[in-house]
Amino acid sequence: MIDFISQPWHWAVSGVMIVFVMFILHWFGNRFGVSSNLNTICAMGGAGKNIEYFNFDWKEKRWNLVFIFGAIIGGYIAINFLASPEPVQISEATRAHFESLGVHTPRTLSEGNGYVPAEIFATANIFSLKNLIMLVLGGFLVGFGARYAGGCTSGHAISGLSNLQLPSLISVIGFFIGGLFMAWIVLPQILTL
Amino acid sequence: MKLIKYLIPGILFGIVMTKSEAISWFRIQEMFRFESIHMYGIIGTAVILGAILVAILKKTGAKTMYGDFMKFTPKPNQIKANLIGGTVFGLGWALTGACPGPMFTLIGHGVLSMFLVIASAVLGAFVYGLLRPRLPH
């Protein structure tokens with residue numbers, strides 16, 4: 001059983017499981033949307049005193065903080081007890097692109113599991129200009145953009161599109177405008193800094 | 001129990017994000033470079049199945065475990081905010097290779113640099129709240 005779950009999951013299985021998570025949250029009387037937690041954290045810190053946008057009762061949103069705390073535990077369980085026998089099978093074209101930019105793409109588990117590139121995310125490497133741009137600017141844009149658009153991948157791309165929401169479709173188009181521009185034009189420049 | 005039960009879908013979500021490899025920086029790059037079907041398959045399956053499920057739940061007036069009708073709130077129509085905010089989000093997504101859910105899941109993987117990413121994302125949300133009255137929506 002454990003061996004069966006530990007294989008990398010086919011994308012169709014993963015898609016079904018995401019919908020199952022969404023269903024549980026609706027059955028509990030709530031909804032699926034991770035980036036709202038960023039607002040909740042701001043409100044917990046007292047941002048609502050001066051900024052109307054954060055002036056809501058964050059205690060009513062605690063369920064979502066518990067949910068993402070669960071996601072941390074789930075990540076721990078999956079990587080420690082359900083780890084795949086091989087690294088992420090990155091496509092050859094993507095490998096060639098990033099190897100040429102100095103980002104190693106692991107082929108064996110001893111080189112890495114293929115989740116995040118060590119050159120950028122290893123704790124010892126974060127204090128370089130290049131990596132600080134990627135982590136700090138990247139995180140900032142995700143937080144700012146998600147709240148500006150009114151949702152992230154979970155709230156717009158999954159829940160919003162499932163509920164046939166036009167604002168979600170427009171947001172997802174935006175995700176791709178920004179993502180394509182970054183991936184094709186800007187990221188190669190940053191990686192060769 | 002009212003709050004603790006959210007650990008169950010949360011843990012499941014963390015496992016799904018890991019086993020689906022949707023939290024892999026490389027998978028996100030593949031998606032934006034159109035070099036693999038993987039992420040499109042995940043999101044496509046979820047959206048098609050999700051749309052069928054939501055339609056059925058709405059039509060049958062499905063109830064929550066507390067006996068209330070399930071909530072499917074419409075997203076506010078803010079075309080400019082959706083498009084500009086979405087684009088900003090996409091720029092960040094392709095840099096960090098992680099949207100908010102995966103950021104938290106990767107903490108569980110022991111990728112501690114994600115704390116810095118999450119702190120920056122919280123700052124981003126804060127700055128949005130600060131500038132909100134002056135931004136087009």
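In what follows, every heavy atom counts, from backbone to side chain, and hydrogens, waters and symmetry copies are set aside. Here is how names work: the chains are called A, B, and so on, in the same order as the sequence lines, proteins then strands, and each is numbered from 1.
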Does any backbone or side-chain atom of B/Pro133 lie under 4.5 Å from a heavy atom of chain A? Answer side chain, backbone, both or neither. neither
Among B/Gly14, B/Gly101, B/Cys99, which has the most heavy-atom pairs under 4.5 Å with chain A? B/Gly14
Assess whether atom CG of A/Leu193 is packed by more than 12 heavy atoms of other residues, nucleotides or ligands within 6.0 Å. yes
Scanning both residues in full, the closest heavy-atom pair of A/Thr94 with B/Glu35 reads OG1-OE1, 2.6 Å
What part of B/Ile28 is in contact with chain A, defined as an atom under 4.5 angstrom from a non-hydrogen atom: side chain, backbone, both or neither? neither
Which atoms of B/Lys5 are under 4.5 Å from chain A, going by heavy atoms: the side chain, the backbone, both sets, or neither? both
May I ask you to test the A/Val142-B/Leu95 pair for a side-chain heavy-atom distance under 4.5 Å? no
Between B/Ser20, B/Gly41, B/Ser36, who has the most heavy-atom pairs with chain A when the cutoff is under 4.5 Å? B/Gly41
One option among A/Leu187, A/Leu135, A/Asn125, A/Asn39 has the most heavy-atom pairs under 4.5 Å with chain B, and it is A/Leu135
Looking at chain B, which one of A/Gly45, A/Gly151, A/Pro117, A/Ala47 has the largest number of heavy-atom pairs inside 4.5 Å, strictly under? A/Pro117
Minimal heavy-atom distance between A/Ser162 and B/Ala46, with the atoms involved, is OG-O, 3.9 Å
Verdict with supporting geometry, A/Phe144 and B/Leu131, side chain to side chain contact (heavy atoms under 4.5 Å, CB included): CA-CA 10 Å; A/Phe144 185 95; B/Leu131 299 179; 4.2 Å; yes
Side-chain touch A/Phe121/B/Met114, heavy atoms, less than 4.5 angstrom: yes
What part of B/Leu53 lies closer than 4.5 angstrom to a heavy atom of chain A: side chain, backbone, both or neither? side chain
Pair A/Ser6, B/Lys19: side-chain N/O donor-acceptor within cut-off below 3.5 Å: no
Does any pair with a residue in residues 97-121 of chain B pass ring pair (Phe, Tyr, Trp, His ring centres under 6.0 Å), and if so which ones, sequence neighbours excluded? A/Tyr115-B/His109
Below 4.5 Å, heavy-atom pairs only: which of B/Leu49, B/Ile107, B/Ile118 has the largest tally toward chain A? B/Leu49
Which bit of B/Ala62 comes within less than 4.5 Å of chain A, counting heavy atoms only: side chain, backbone, both or neither? neither
Only one of B/Val122, B/Val117, B/Val88, B/Leu123 clears side chain to side chain contact (heavy atoms under 4.5 Å, CB included) with A/Phe140; which? B/Leu123
Under a 4.5 Å cutoff for heavy-atom pairs, which residue among A/Gly143, A/Gly160, A/Ala157 has the most contacts with chain B? A/Gly143
From the list B/Thr45, B/Thr64, B/Asn82, the residue making the most non-hydrogen contacts under 4.5 Å with chain A is B/Asn82
Are the aromatic ring centres of A/Tyr53 and B/Tyr128 under 6.0 angstrom apart? yes
Centroid-centroid under 6.0 Å between B/Tyr66 and A/Phe28 rings: no
If we only count heavy atoms from C-beta on, is the B/Pro74 to A/Gln165 side-chain gap below 4.5 Å? yes
So A/Trp9 and B/Ile15, do their side chains get closer than 4.5 Å, heavy atoms only? yes
Check against side chain to side chain contact (heavy atoms under 4.5 Å, CB included), A/Trp11 and B/Arg27: CA-CA 12 Å; A/Trp11 48 257; B/Arg27 286 286 188 209; over 6 Å; no
With chain B, the option among A/Gly114, A/Gly75, A/Ala12 that has the most non-hydrogen atom pairs under 4.5 Å is A/Gly75
I'd like to verify something: which residue of A/Ile68, A/Asn113, A/Val172 has the highest number of heavy-atom pairs under 4.5 Å with chain B? A/Ile68
Is there a side-chain contact between B/Phe26 and A/Thr105, using heavy atoms and a 4.5 Å cut-off? yes
Looking at every non-hydrogen atom in both residues, tell me the closest pair between A/Ile79 and B/Gly108 and how far apart they are. CG2-O, 4.1 Å
Using side chain to side chain contact (heavy atoms under 4.5 Å, CB included), reason through A/Leu132 and B/Leu116 one step at a time and then give a plain yes or no. CA-CA 9 Å; A/Leu132 282 176; B/Leu116 185 60; 4.0 Å; yes
Contact class of B/Ile8 relative to chain A, heavy atoms under 4.5 angstrom: neither
Taking every heavy-atom pair that is under 4.5 Å apart, which of A/Ile51, A/Ile177, A/Ile24 has the most such pairs with chain B? A/Ile51
Relative to chain A, which segment of B/Asp68 carries a heavy atom at a distance below 4.5 Å: side chain, backbone, both, or neither? neither
What residue in B/Ile42, B/Thr96, B/Val47, B/Thr105 has the most heavy-atom pairs under 4.5 Å with chain A? B/Ile42
All heavy atoms of B/Met31 vs all of A/Phe176, minimum pair found to be SD-CZ, 4.0 Å
Taking the six-membered ring for Trp, is the centroid-to-centroid distance between A/Phe67 and B/Tyr6 below 6.0 Å? no
Under 4.5 Å from a heavy atom of chain A, the part of B/Met103 involved: side chain
Is it the side chain or the backbone of B/Phe69 that comes within 4.5 Å of chain A heavy atoms, both, or neither? neither
If you look at every heavy atom in A/Phe54 and B/Ala125, which pair is closest and at what distance? CZ-O, 3.3 Å
Under 3.5 Å, is there a donor-acceptor pair linking the side chains of A/Asn163 and B/Lys75? no
Shortest non-hydrogen contact between B/Glu30 and A/Gln89, atoms and distance: OE2-O, 4.0 Å
Do A/Thr153 and B/Trp93 have side chains that approach each other closer than 4.5 Å (heavy atoms only, starting at C-beta)? yes
Any heavy-atom pair between the side chains of A/Asn30 and B/Lys71 that's under 4.5 Å? yes
Under a 4.5 Å cut-off applied to non-hydrogen side-chain atoms, are A/Phe20 and B/Val16 in contact? no
What do the steps show when you test B/Leu7 against A/Ile73 for side chain to side chain contact (heavy atoms under 4.5 Å, CB included), and what is the final call? CA-CA 9 Å; B/Leu7 279 178; A/Ile73 301 173; 4.1 Å; yes
Identify which part of B/Arg132 has an atom lying under 4.5 Å from any heavy atom of chain A, answering side chain, backbone, both or neither. side chain
Quick check, are the ring centers of A/Tyr148 and B/His137 under 6.0 angstrom apart? yes
Side chain from CB out, backbone as N, CA, C, O: work out which of these in B/Leu106 comes under 4.5 Å of a heavy atom of chain A, or both, or neither. side chain
For the candidates B/Leu112, B/Ile84, B/Ile43, which exhibits the highest count of non-hydrogen atom pairs separated by less than 4.5 Å from chain A? B/Ile84
Do the ring centers of A/Phe98 and B/Trp25 come within less than 6.0 Å of each other? yes
